[in-house]
Protein chains: 2
Amino acid sequence: MAEKRTDKVTITEVALLAGVSTATAGRVLGGYGYASEEIKKRVKASAERLGYRPNLLARGLITGKTRTIGVVAGDIQSPFYSSILRGIADVARAEGFGVLLTNSDELLARELEAVQLLLEKQVDGLIVAPCDTERSDHLRKALKGGCPIVQFDRMVKGLGADAVTVDNRKASREAISSLIDAGHRRIAILAELERWDSGDIASFIARVTARSIEPATLFPSWQRLFGYVEAHLSAGIDLDRALIGRVGAYSLEAARLQALHLLRLPDRPTGLFSADGLMTAGAVDAITSLGVQIPDQLSMIGFDDLDWMSFLKPQITAVVQPVTAMGQTAARLMLERIAGSDSPPRHVTLELALARRGSVSKPA
Amino acid sequence: MAEKRTDKVTITEVALLAGVSTATAGRVLGGYGYASEEIKKRVKASAERLGYRPNLLARGLITGKTRTIGVVAGDIQSPFYSSILRGIADVARAEGFGVLLTNSDELLARELEAVQLLLEKQVDGLIVAPCDTERSDHLRKALKGGCPIVQFDRMVKGLGADAVTVDNRKASREAISSLIDAGHRRIAILAELERWDSGDIASFIARVTARSIEPATLFPSWQRLFGYVEAHLSAGIDLDRALIGRVGAYSLEAARLQALHLLRLPDRPTGLFSADGLMTAGAVDAITSLGVQIPDQLSMIGFDDLDWMSFLKPQITAVVQPVTAMGQTAARLMLERIAGSDSPPRHVTLELALARRGSVSKPA
DNA sequence: GCTCGATGTGCGAACGTTCTCACAATACAA
DNA sequence: TTGTATTGTGAGAACGTTCGCACATCGAGC
């Protein structure tokens, strides 16, 4: 019977009905000051009766806090980002925070636009997978303007902000080493490797060899190549540049083509390392279409663990990223910042696990 | 050199620097009234110089519009929801709207809490996959309160709100019919079938047979069972209740176990229809672990198309849902509502496609 | 008796915008 | 000249909260 056309019930009306001032009503409803039991009861009853719901815009305007976290993901459609987002959303929800989502598609222009929008919407903090580790003045400015930032998956050079990453380099090195230990000498890598300023693979290898490169702010696929190179170096195996499959784009089809190319080399590799989930998908597509047998004709390890890798033939041994945990951790760091922590920037590195599934054996 | 400690540059300061009133500055910056070229230039220059960014909270408070869409998904981590979200986000971004995301995990209590939060944050509209097609007073109330709602994937009974769905029943009927046409008579179905008030499969079948049930507001997995039953009826094939695998939970493991059960029946089915992506995954897991050959020993069609179904063995013929398009459509309907459309509730039904991949053949 | 802290309440001013007016100035037709 | 529309500008009131302050009451301690 209670007919409310528009839900424009404000605190003023509640106060009026309860016979108190708006300030008092606010104290009860907002829970931020003194109020006698008697009055508390009265105000709450009135609020209940009118169906009062606080207007978080107004509250945010005055407190300067919106209890909203802005997230800039690359592409929520991908399992990687969607799992991370899930982790973020869970932690945020538990603390009564909202999550404002945007996609950058790994384009700087779009990230810029997104950060802009989120800042204008006055989010309390920004969780970002930065798509450029150098040109990120917008993030610096936001940080300086008092908006905390937590990076994930990669880190901007010299940005004094929290970050959650994994040790790509180490996991990749260990994966390659385990292939080497199994007896493999010709191991191919299939990786995106899109952006790098001195874009040349040869010079990258040279700098890795000379130890003149800082891996922390590289993009993940480069870090994984880094580990690949290191594993070869420490085992004393010469690198064959033909075995480095630089896909150059984040696309299944491009990965498939590059994988086909690698598998058709005159001296075909006996091992294959794919540097992320999409690359693994492309590789498996190529492998099944060529009828190559795993692990008899080819041993394989992939980065990222997708559900099908465990229940389909060929099963794929994979480096498992703790995706949801990454999101949760990022959100927790963010909440601490929002709560006022001003500790120096923290960098959390989560552990990676290798899920062994029998796609690795000795070379024929 | 321009040092701004906190980015608290307000329109007042811009106005001051430009030597105009805040009202005029607002008109220029907000683009909503007269202003001479001369003054426009001056205000814009001042804004630029101070690094002015509008506070969308304040604007929202006064206009009553936040240019934000609230989304209640089941679980963004699933490919289904994340693709839909992507579609929504794309359309929203193009129109300068933000997307506030929540997960319900298909729990009514959580959906309620989510809707509450979103409304308090004053979203301009709600895009929801309602997790109960009956008890949805919170949605009714929101709608009545003036907050437009667009449902997707399923529809609340008698809720006068827009909706975007697919014709699950028809697609399922056609899929089953194609198996029947191929000669199959013992076709199993693997489906979630968790909630239904008169929870009994037998009574459901009876009501379908008697045509005394309205499919529109059923949950998708029930609609798909509906089509399964219809296909059998119209082909004159007796239903074998043992072939209806009711998983009862949305879980890979539960689906796997139920699939194992079906495949171990004394008189094993020659065809299998899995009612969504997760069910297909569970089924394929069971199939590969039992070493059943597709399509030689078992023909299979799945609902939902996931990437691995096309590039792995066994390849799975699948009903493809236009997921991204669903999200886009939902967002477009929402934007029209926000723009003021007061047409009667629209129900958009998107087309489904069957991707034939050779997992269907004649029974042995 | 007085002061003091703790508790309880209301007034009015924020917060950063947009919106409604009022009012000028200009231009053009009657 | 007058009227009327168009364009341009500013003062001040919204929007729905919270916050700072003033003030009132109460019991305890001296």
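Proteins come first, then strands; the chains are lettered A, B, ... in the order of their sequence lines, and each starts at number 1.
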If the plane angle is over 60° it's perpendicular, under 30° parallel, otherwise tilted; pick one for A/Phe80 and A/Phe152. tilted
Separation of D/dG16 atom C1' from A/Leu56 atom CG, nearest Å, is 11 Å
Lys/Arg N to Asp/Glu carboxylate O, A/Glu106 vs A/Arg154, below 4.0 Å: yes
Between P on D/dT17 and CG on A/Leu57, what's the gap in Å once rounded to a whole number? 10 Å
Atom CD1 of A/Ile11 and atom C1' of C/dT9 are separated, to the nearest Å, by 14 Å
Among B/Lys40, B/Arg42, B/Lys41, find the one that has a side chain to side chain donor-acceptor pair (under 3.5 Å) with B/Glu38. B/Arg42
Rounded off to whole Å, could you give me the NZ-to-C1' distance for the B/Lys121 and D/dG16 pair? 15 Å
Rounded to whole Å, CG of A/Leu29 lies from C1' of D/dT17 at a distance of 11 Å
More than 12 foreign heavy atoms under 6.0 Å from CZ of B/Arg346: is that the case here? yes
Got a list of side-chain donor-acceptor pairs under 3.5 Å for residues 87-100 of chain A, not counting sequence neighbours?
unit_1	atom_1	unit_2	atom_2	d
A/Asp90	OD1	A/Arg86	NE	3.1
A/Asp90	OD1	A/Arg86	NH2	3.1
A/Asp90	OD2	A/Arg86	NE	3.3

Specify the separation, in whole Å, of atom NZ of A/Lys8 and atom P of D/dT17. 11 Å
From NZ of A/Lys65 over to P of C/dC15, roughly how many Å is that when rounded to an integer? 17 Å
When rounded to whole Å, the CG to P distance for the pair B/Leu61 and C/dC15 reads 14 Å
Any salt bridge between B/Asp162 and B/Arg337, counting N to O under 4.0 Å? yes
Quick one: which protein N/O atoms are closer than 3.5 Å to N/O atoms of nucleotides 8-14 of chain D? Pair and distance per line, please.
unit_1	atom_1	unit_2	atom_2	d
D/dT9	OP1	B/Ser36	OG	3.1
D/dT9	OP2	B/Ser36	N	2.8
D/dT9	OP2	B/Ser36	OG	3.2
D/dG10	OP2	B/Ser21	N	3.0
D/dG10	OP2	B/Ser21	OG	3.2
D/dG10	OP2	B/Thr24	OG1	2.5
D/dG10	N7	B/Arg27	NH2	2.8
D/dG10	O6	B/Arg27	NH1	3.3

